[in-house]
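What you see below is based on every heavy atom in this structure, not just the backbone, and it leaves out hydrogens, waters and symmetry mates. Order of listing sets the numbers, starting from 1, for every ligand and every atom in it.
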Amino acid sequence: MFAPPPQLTDQLSRYGQQHVLQYWDDLDDDQRKNLVAQLENVDFELIQSLWEQFRGGVPDVRDFSKLAAPNSIRLADEIPFSYEKAYDHGEQLVRQGRVGVVIVAGGQGSRLGFNHPKGLYPIGPLSERTLFQFIVDKIAGYEKKCSTHIPLFIMTSPAVHDETVAYFQQQHFFGRQDRITFFCQSTMPAVDAESGRLLLQARNQLFLSPNGHGGMLEAMQSQGILSTCAQQGVDTLFYGQVDNPLSPTCSLALLGYHALSKAQVTLQTIAKQSPSDKTGNIVSIDGRTQIIEYSEIPEALSSEVTQEGQLKLWAANIAVHVFQTDFLRAVTQSSDGLPYHFAHKKVAYLDTSGTLKQPSNPNAIKLEKFIFDLLPLAERTLTVEALREDVFAPVKNAPTESFSTASTSREAICQLHRRWLQEAGCQVSDGVQVEIHPQYAVNLPQLMQRSDLPEKIDRDTYLQIPPFHSFSSSEN
Ligand code: UTP
């Protein structure tokens with residue numbers, strides 16, 4: 001019979017975690033080995049110290065009196081280089097093969113309530129393309145426009161990895177098997193908020209959850225992603241999340257602003273609609289850019305306005321960034337790593353009688369790293385404003401909510417494409433839904449150059465190119 005290794009049992013008793021072996025006698029040897037493997041991956045000292053920090057409350061050492069707006073290019077600004085110059089410069093970078101895309105897709109999407117990896121969610125208003133397709137199609141659109149290849153790196157987690165890869169296999173990697181790489185982030189155990197004890201989700205299984213989008217750095221390092229970038233001549237990475245179909249993946253202007261400003265990190269931002277917007281604030285403290293959660297900024301500060309009557313802290317984080325790979329490399333090689341944040345959440349757990357309990361109130365602490373914690377490490381950052389309706393339509397919540405749902409996102413996609421069509425000279429009747437495939441036009445400038453643009457659209461229409469042709473829903 002397989003016995004728990006003595007080193008492990010010593011650790012468990014030193015840190016008061018012996019309960020995880022409570023069901024040892026009920027397990028078969030494979031299950032025991034599985035549990036031991038999980039436990040051997042746990043850094044008990046770290047877990048203990050994080051739980052103590054959570055219990056003791058972490059003192060906030062940030063000096064909010066120094067909060068200022070970040071170094072930025074606002075829509076109304078006179079800027080050192082024009083949009084056109086930035087766009088052309090970004091196009092050159094992409095043409096030279098220096099740009100890659102990294103998408104974080106390791107989250108469990110618990111709010112959405114979709115029983116698969118979120119990237120498989122069908123979001124296209126008419127096409128029903130998935131969130132992953134929105135990203136891949138945009139990349140393909142820029143590859144075509146710039147006659148180049150753009151490598152795509154997708155971060156998964158153990159919870160979603162196999163299904164994500166199987167989906168891409170099924171889709172024949174959308175024809176890009178040679179330039180798509182999956183890398184898997186690590187997990188962290190959740191602990192009981194009262195006792196700090198590890199939670200079991202089954203008799204032979206700890207409750208483990210992905211270690212946050214900030215886990216991207218370690219995962220890139222351990223799986224050689226930055227070396228792959230270097231081998232391929234990629235020095236600039238567009239970063240986005242899987243759940244925003246309007247994310248301006250590979251935006252040429254954003255890439256151009258980033259490169260012309262010699263920034264190590266650039267953030268696409270939108271203006272907050274009100275001081276109470278539930279988005280992170282992009283701010284500057286002592287010349288370093290940081291993101292501070294909306295809940296952490298005192299109301300008096302977040303409501304402060306400038307002489308012109310605009311919010312002083314105006315910039316909202318939409319998790320669209322551009323990174324220099326040498327900056328990411330330097331951060332991954334520095335010893336400290338990113339800090340953990342505590343999320344007080346409801347986590348189902350096995351109680352002492354072996355029954356799976358579904359708590360009705362938050363009972364556990366999940367431990368997560370956030371990618372934006374690397375911002376203060378950058379000496380040169382830039383924040384570039386875009387219109388909310390051009391770049392932000394996240395799919396976060398179940399249909400019962402009123403914001404950031406699949407239907408608000410679909411509506412935003414149609415509205416944006418309607419606006420592009422109208423600006424390109426096509427009349428779109430009221431109440432009609434329109435969707436544009438990026439191979440038809442990846443952005444407004446490309447749409448304007450199309451010679452086959454219809455003059456008028458008066459029924460639901462999905463514009464795409466051969467071998468598919470554009471169709472309207474009434475033809476179905
Ligand atoms: P969210 O913070 O919205 O989390 O992730 P989520 O898992 O998608 O959804 P909820 O909170 O459970 O409802 C924002 C982005 O970060 C990725 C997600 O996949 C999404 O693209 N993410 C999040 C990771 O890649 N890993 C993580 O550990 C957490």
Side-chain angles (χ1 to χ4, degrees), residues 101-121 123 130-136 152-161 163-165 167 181-190 207-220 222-223 225 237-249 267-268 278-280 291 293-295 316-321 323 337-348 362 364-374 391-401 403-406 408-409:
V101 173
V102 59
I103 296 295
V104 289
Q108 291 173 301
S110 46
R111 283 169 288 173
L112 184 62
F114 178 58
N115 215 7
H116 302 282
K118 221 192 230 183
L120 276 60
Y121 194 91
I123 195 65
T130 62
L131 284 163
F132 274 132
Q133 274 175 286
F134 264 69
I135 293 161
V136 169
L152 169 61
F153 303 94
I154 297 181
M155 184 169 83
T156 62
S157 64
V160 297
H161 184 83
E163 201 178 344
T164 303
V165 174
Y167 166 75
T181 309
F182 299 94
F183 65 108
C184 190
Q185 68 180 113
S186 312
T187 53
M188 275 298 266
F207 179 92
L208 299 170
S209 55
N211 63 348
H213 39 64
M216 180 185 101
L217 288 184
E218 286 152 18
M220 279 185 144
S222 67
Q223 287 158 75
I225 301 301
L237 278 177
F238 175 95
Y239 164 99
Q241 302 191 331
V242 73
D243 52 12
N244 175 14
L246 289 192
S247 179
T249 310
L267 301 91
Q268 180 95 84
K278 289 190 167 41
T279 41
I291 288 174
E293 290 299 336
Y294 63 94
S295 52
N317 178 33
I318 56 164
V320 171
H321 311 313
F323 292 122
L338 302 181
Y340 278 98
H341 294 255
F342 309 111
H344 198 184
K345 298 236 168 137
K346 287 193 263 183
V347 167
I365 305 303
K366 283 190 179 179
L367 299 161
E368 292 195 351
K369 293 184 173 190
F370 295 159
I371 194 68
F372 54 71
D373 278 326
L374 58 65
V391 294
F392 192 53
V395 184
K396 297 280 182 197
N397 296 321
T400 43
E401 294 289 334
F403 65 100
S404 300
T405 63
T408 57
S409 182

Region of [X] that comes within reach of ligand 1 [heavy atoms, distance under 4.0 Å]:
X      : value
Met216 : neither
Ser110 : both
Gln108 : backbone
Gln185 : side chain

Taking only Lys NZ, Arg NE, NH1 and NH2, and the carboxylate oxygens of Asp or Glu, determine whether Lys369 and Glu218 approach each other closer than 4.0 Å. yes
Would you say [X] has any N or O atom under 3.5 Å from an N or O of ligand 1, going by distance alone?
X      : result
Lys345 : no
Lys118 : yes
Met155 : no
Val242 : yes

Closest protein heavy atom (residue, atom, distance) for [atom]:
atom                    : answer
atom 15 (C) of ligand 1 : Gln241 CD, 3.4 Å
atom 25 (O) of ligand 1 : Gly106 N, 2.8 Å
atom 28 (O) of ligand 1 : Gly212 N, 2.8 Å
atom 21 (O) of ligand 1 : Val104 O, 2.7 Å
atom 9 (O) of ligand 1  : Gly109 CA, 3.3 Å

Verify, without hydrogens or angle tests, whether [X] (side chain) and [Y] (backbone) share a donor-acceptor contact under 3.5 angstrom.
X      : Y      : result
Ser409 : Ala393 : yes
Lys396 : Asp243 : no
Glu163 : His116 : no

Residue of the set Asn244, Thr408, Leu131 for which side chain to side chain contact (heavy atoms under 4.5 Å, CB included) holds with Val395: Leu131
Sub-4.5 Å side-chain heavy-atom contact between Tyr121 and Ile123: yes
Heavy-atom distance under 4.5 Å between the side chains of Val320 and Phe238, does that happen here? yes
Minimum non-hydrogen distance to [atom], winning option of [options]:
atom                    : options                : answer
atom 16 (O) of ligand 1 : Lys396, Lys366, His213 : His213
atom 23 (C) of ligand 1 : Ala219, Gly107, Ala105 : Gly107
atom 2 (O) of ligand 1  : Lys369, Met188, Arg111 : Arg111

So, Gln268 and His321: side-chain donor and acceptor under 3.5 Å apart, yes or no? no
Side chains of Gln185 and Asn211: donor-acceptor distance under 3.5 Å anywhere? yes
Parallel, tilted or perpendicular for His213 and Phe372, by the 30°/60° rule? tilted
